[in-house]
Peer 1: 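The structure's right below; bear with me while I get my questions together.
Atom set for the values below is all heavy atoms of this structure, side chains included, hydrogens, waters and symmetry mates excluded.
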Amino acid sequence: MSKDVWTIVSIVIVAALSALSVAAISWGIDNHEIGFGFWIGSLLTMGIMSYLYADNPFYKFTEHLFVGVSASYWIATYYWTQIDTNLLGRLFPEKTSFLGMTIDFSRHGHEQNLWYLIPLVLGLFMLARLIPSIGWISRWSLSFVVGLYAGLRSYGYLQSNVMQQAKETFRPIIIPGDFWAGFNHLVLVVGVVSALLYFFFSKEHKGMFGTISRVGIFFLMVSFGAAFGFAVMGRISLLIGRFDFLIRASTAENGYPSIVVTVLMVAILSILAMKNKGKGEDEDELFEP
Amino acid sequence: MKRRKGLMRIGLLSAALLLVLSVSAFAQDAEPAEEAPQEVYDAPPAPVTNLIAKDHVYDSGKEIDIEFDRSADDGSGADDVEKYEVYRSESGSEETLVTTIPAMVSGGDRRVIIDDSNGGLENGAEYSYRVLTIDRAGGSSETRLSGTVSPSGEWFDFKKINMLAALVILVFLIKFFIRKAQRGEEIYLRPVAGLQAFDEAVGRATEMGKSVLYVPGIMDLDQVETVAGIIILGYVSKMTARYETDLEVPVSRSLVMSNAREVCKSSYLSEGRPELFKDDMVHYLTDDQFAYAAGVNGIMLRKKPAACFYQGKFYAESLILAETGNSIGAIQIAGTASPAQIPFFITACDYTLIGEEFFAASAYLSQDPKLVGSLKGQDWAKGIIMIAIVVGALVETLNVLGVVTFSLKPLLAVG
């Protein structure tokens with residue numbers, strides 16, 4: 001089958017699944033009660049995980065579905081939480097008529113605030129890119145955003161990343177009666193100063209300067225190692241969560257969705273791989289439909 | 001008959017005895033009432049007086065000053081005041097205990113406190129106060145503020161004067177070294193391995209006839225890392241224009257897409273190859289973190305770029321991207337200031353710009369006097385901070401040892 005046919009088949013499958021989900025919701029049927037959600041969840045989970053072996057049609061389908069659904073989800077979310085609620089809700093808080101249309105955003109309960117005309121105009125400027133002759137106006141909006149956040153962040157970072165952290169490093173390095181507390185503080189001060197020295201760019205790292213900056217690298221690597229271990233533990237818990245879902249889904253009353261999906265997926269990929277064997281140089285090309 | 005009279009006498013005698021006993025018992029019961037000590041009436045403490053609440057001047061509009069004179073029974077009179085409790089209420093909400101102050105053992109008659117509620121007060125909102133004076137017996141008396149008070153902000157918040165000083169010093173240093181760089185004075189920049197590999201990576205992609213993938217992180221333009229990533233993209237896109245190498249920039253934010261397109265377009269223009277620039281080389285995928293990661297993975301697996309750049313703000317998707325890039329054999333250069341993601345890039349990429357190196361990259365790559373001078377100025381600022389840390393730690397040590405009685409911490413405290 002050609003790629004176009006595969007694309008059409010994929011779209012039909014997604015449309016059918018979406019329609020079925022919407023119908024189930026409108027009929028008051030909980031997807032989990034009939035195991036439908038488990039089947040979809042198992043298919044998508046295994047589809048994404050199949051990437052660990054190689055690129056294949058299941059991964060492509062799941063990836064495109066994920067990207068498409070999330071993009072449309074965020075557009076809808078931004079519209080309803082920002083444009084509808086925050087912008088139009090504040091510009092037109094009462095029911096009014098405009099060019100023969102009735103505008104009613106009173107449900108948000110805001111008071112009128114005409115300062116919001118500025119973001120409206122800046123937003124419209126961004127859309128000017130659609131007309132090439134006046135597309136340059138969109139740079140004004142971009143400049144506003146970049147300049148505004150540069151100013152805001154410079155203060156925030158100076159306060160939290162410089163002043164606050166420097167203040168917290170003002171620790172006594174000798175504490176009578178508590179040697180280890182003092183030693184801890186000494187390690188902290190040496191670590192901060194040497195790591196800062198590593199980030200000196202305008203001086204060559206040689207001699208004493210180089211030695212101290214190497215101590216700084218040592219401290220940085222220790223902290224990165226600790227962060228790595230901590231983050232890996234978090235990721236493992238995510239993986240366990242996914243496996244937990246697959247195991248929970250795999251019950252007799254649901255029809256063993258995760259097992260059936262896995263077996264079918266392996267079988268289809270094996271057939272595709274055998275069919276295309278010797279055609280391509282890359283492992284991924286084995287799964288080209 | 002005789003026997004009957006005898007029985008009657010015994011009955012009368014018993015009744016008389018019972019009467020005598022009852023009267024005596026009643027008399028005993030009544031006795032304590034007659035001898036009970038006289039009850040002492042414990043009067044409530046005298047309330048505080050001259051309660052005033054007013055807006056705290058030269059603040060950001062989130063503080064109120066409260067003043068009152070101590071109770072007449074605090075340190076004088078009955079001298080039994082234990083504490084004062086200050087309550088605040090806002091119309092339509094419950095009363096909140098602001099603070100509890102012990103009785104004044106020393107000092108003047110007037111007490112002043114600042115209610116900031118950790119920034120919980122609202123600029124312009126109206127608040128009313130009452131002070132409860134509580135004595136050791138548990139008795140209390142209250143003083144209410146007549147009317148309400150609302151905090152308001154001023155142009156200058158004097159608690160942040162140290163921030164102003166720090167900013168002025170920083171700006172002065174940066175400006176000073178920018179001037180020096182613009183006058184043509186040479187400013188030394190030490191070599192950074194990751195930055196020297198940029199040319200190598202694009203050159204490799206050109207030689208292999210494959211594309212360059214540039215990922216500017218997953219956050220919007222409100223993050224400095226994203227801005228830094230787009231500045232570096234300008235340099236990379238200049239190289240791809242010069243070498244006629246394909247460039248692909250998938251983004252996860254619409255504003256980043258617009259900005260990145262502008263940057264790439266001007267790079268191709270400045271290299272004299274505007275015809276090679278296509279809007280589609282910078283394209284939007286999705287705002288969702290993991291969907292974006294899945295999309296970029298798909299691009300990597302299908303197009304197999306020879307060089308992958310990850311320059312910007314990253315979260316949990318960092319390792320997914322870097323591992324996929326590694327699996328396709330691409331040369332990978334990452335740069336981020338997200339401390340939690342640097343370890344993943346270090347393990348999976350060929351070169352990683354960590355923290356400040358990433359921000360310094362634009363100065364290195366462009367050699368623009370403004371950026372190079374700014375880097376030198378920042379180095380000086382770092383030097384001042386290091387000296388401050390060492391001196392601050394020494395002063396704290398001397399403080400603990402009893403040699404000095406002051407601390408430098410308040411100098412850096414920002415209200």
Side-chain angles (χ1 to χ4, degrees), chain A residues 48 51 54-55 59-60 62-64 66-71 73-74 126 129 138-139 142 145-146 149-150 152-155 157-159 162-164 166-167 169-176 185 189 192-193 196-197 199-205 220 223-225 227-228 230-231 234-235 284, chain B residues 162-163 166-167 170 187-190 192 221-222 224 227 255 258-259 262 284-288 290-292 294-295 297-298 301-302 316 319 339-340 342-344 346-347 354-357 360 375-376 379 382-383 385-386 388-390 392-393 395-397 399-401 407-409 412-414:
Chain A
I48 284 287
Y51 141 85
D55 192 22
Y59 177 68
K60 280 179 191 165
T62 316
E63 173 211 321
H64 286 87
F66 195 8
V67 172
V69 167
S70 65
Y73 170 79
W74 281 107
M126 283 301 296
R129 295 180 72 87
S138 67
R139 288 181 200 158
L142 290 174
V145 172
V146 174
Y149 281 111
L152 278 174
R153 301 281 173 188
S154 62
Y155 176 83
Y157 280 127
L158 190 64
Q159 182 183 348
V162 180
M163 304 284 272
Q164 193 68 29
K167 192 185 104 182
T169 320
F170 287 8
R171 304 272 176 108
I173 51 178
I174 300 169
I175 300 174
H185 294 169
V189 172
V192 171
V193 172
L196 265 175
L197 211 65
F199 290 109
F200 251 69
F201 299 107
S202 56
K203 189 164 170 55
E204 208 169 354
H205 287 195
L220 286 172
S223 72
F224 291 152
F228 185 86
F230 179 74
R235 308 288 159 80
D284 294 338
Chain B
N162 51 0
M163 284 292 294
L167 268 173
L170 186 64
I187 291 178
Y188 171 81
L189 293 180
R190 74 170 169 86
V192 175
L221 285 177
D222 59 336
V224 278
V227 177
L255 282 179
S258 300
N259 215 333
E262 287 288 331
Y284 172 81
L285 279 179
T286 170
D287 275 55
D288 189 85
F290 288 109
Y292 176 74
N297 275 356
L301 290 172
R302 270 147 242 155
L319 189 59
I342 292 171
F344 295 111
I346 289 175
T347 49
I354 54 176
E356 278 285 303
E357 288 179 347
L375 204 60
K376 177 83 177 172
D379 273 3
K382 277 177 226 159
I385 292 164
M386 281 192 292
I389 287 172
V390 173
V395 169
E396 287 300 315
T397 308
N399 198 337
V400 167
L401 297 174
S407 167
L408 295 180
K409 278 188 178 183
L412 298 183
V414 182

Peer 1: Among A:Leu142, A:Thr62, A:Ile175, A:Val189, which residue forms the greatest number of heavy-atom pairs with chain B at distances under 4.5 Å?
Peer 2: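 With the most close heavy-atom pairs to chain B, the winner is A:Leu142.
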Peer 1: Do you know which of B:Asn399, B:Leu401, B:Thr397, B:Ile187 has the most heavy-atom pairs under 4.5 Å to chain A?
Peer 2: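 Looking at each option in turn, the highest pair count goes to B:Thr397.
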Peer 1: Which atoms form the tightest heavy-atom contact between B:Leu408 and B:Gly392, and what is the distance?
Peer 2: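 Distance-wise, the nearest heavy atoms are CD1-CA, 4.0 Å.
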Peer 1: Check step by step if side-chain contact (heavy atoms from CB on, under 4.5 Å) holds for B:Met386 and A:Phe200.
Peer 2: CA-CA 11 Å; B:Met386 281 192 292; A:Phe200 251 69; 3.3 Å; yes
Peer 1: Please classify the contact between B:Ser407 and chain A as side chain, backbone, both or neither, with a heavy-atom cut-off of under 4.5 Å.
Peer 2: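 It is neither, since no heavy atom gets under 4.5 Å.
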Peer 1: For A:Phe230, I'd like to know if atom CZ has over 12 heavy atoms of other residues, nucleotides or ligands within 6.0 Å.
Peer 2: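 Count not over threshold, so no.
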Peer 1: Is B:Ile354 in contact with chain A via its backbone, its side chain, both, or neither, using a 4.5 Å heavy-atom distance?
Peer 2: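 For B:Ile354, backbone and side chain are both near chain A.
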Peer 1: Quick one: which of B:Ser258, B:Gly383, B:Gly298, B:Ala388 has the most heavy-atom pairs under 4.5 Å with chain A, could you say?
Peer 2: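 Result: the option with the highest number of such pairs is B:Ser258.
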Peer 1: Please look at A:His64 and chain B and tell me whether the side chain, the backbone, both or neither of the residue comes under 4.5 angstrom of a heavy atom of that chain.
Peer 2: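 A:His64 touches chain B through side-chain heavy atoms alone.
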Peer 1: Checking heavy atoms, do the side chain of A:Tyr51, its backbone, both or neither come under 4.5 Å from chain B?
Peer 2: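 It is the side chain, since no backbone atom gets that close.
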Peer 1: Do you know the tightest heavy-atom contact between A:Ser70 and B:Asp288?
Peer 2: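 Minimum heavy-atom separation between A:Ser70 and B:Asp288: CB-CB, 3.4 Å.
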Peer 1: Using a cut-off of under 4.5 Å on heavy-atom pairs, state which of B:Ala316, B:Ala340, B:Gly355 scores highest against chain A.
Peer 2: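 The candidate making the most pairs under 4.5 Å is B:Ala316.
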Peer 1: Return the option, out of A:His185, A:Arg139, A:Gln164, with the maximum number of heavy-atom pairs under 4.5 Å with chain B.
Peer 2: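 Looking at each option in turn, the highest pair count goes to A:Arg139.
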Peer 1: Pick one of side chain, backbone, both or neither for A:Ile173, based on which atoms fall under 4.5 Å of a heavy atom in chain B.
Peer 2: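 A:Ile173 touches chain B through backbone and side-chain heavy atoms alike.
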Peer 1: If every non-hydrogen atom of B:Met163 is compared with every non-hydrogen atom of A:Tyr155, which pair is closest and at what distance?
Peer 2: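 Nearest pair, atom of B:Met163 first, then A:Tyr155: CE-CE1, 3.4 Å.
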Peer 1: Using a cut-off of under 4.5 Å for heavy-atom pairs, which of B:Ala360, B:Ala166, B:Ala294 has the most such pairs with chain A?
Peer 2: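 Most heavy-atom pairs under 4.5 Å with chain A: B:Ala294.
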Peer 1: List the atom of A:Val67, the atom of B:Ala291, and the distance in Å for their closest heavy-atom pair.
Peer 2: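 Here A:Val67 and B:Ala291 meet closest at CG2-O, 3.3 Å.
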Peer 1: Count the heavy atoms belonging to other residues, nucleotides or ligands that lie under 6.0 Å from NZ of A:Lys203, then report whether that count exceeds 12.
Peer 2: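 It does not: A:Lys203 NZ has 12 such atoms or fewer within range.
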Peer 1: State, without any angle test, whether A:Ser202 and B:Asp379 hold a side-chain donor-acceptor pair at a distance under 3.5 Å.
Peer 2: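 B:Asp379 and A:Ser202 do have a side-chain donor-acceptor pair below 3.5 Å.
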Peer 1: For residues B:Tyr284 and A:Ala71, report the shortest heavy-atom separation together with the two atoms involved.
Peer 2: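 That closest heavy-atom pairing would be CE2-CB, 4.3 Å.
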Peer 1: Among B:Ile389, B:Asp222, B:Leu189, who wins on heavy-atom pairs under 4.5 Å with chain A?
Peer 2: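 With the most close heavy-atom pairs to chain A, the winner is B:Asp222.
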Peer 1: Given a strict heavy-atom distance threshold of 4.5 Å, which part of B:Leu255 is in contact with chain A: side chain, backbone, both, or neither?
Peer 2: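 Interface part for B:Leu255: both.
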Peer 1: For a quick test of reading the model, state the closest non-hydrogen atom pair linking B:Leu221 to A:Tyr149 and the distance between them.
Peer 2: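 Where B:Leu221 meets A:Tyr149 most closely, the heavy atoms are O-CB, 4.2 Å.
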Peer 1: Counting only non-hydrogen atoms closer than 4.5 Å, does A:Leu197 touch chain B with its backbone (N, CA, C, O), its side chain (CB onward), both, or neither?
Peer 2: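 Contact with chain B: backbone and side chain both.
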Peer 1: With only heavy atoms counted, which part of B:Ile342 is less than 4.5 Å from chain A, the side chain, the backbone, both or neither?
Peer 2: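 The side chain, not the backbone.
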Peer 1: Quick one: what part of A:Val162 sits under 4.5 Å from any heavy atom of chain B, side chain, backbone, both or neither?
Peer 2: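 When you check distances to chain B, only side chain atoms of A:Val162 fall under 4.5 Å.
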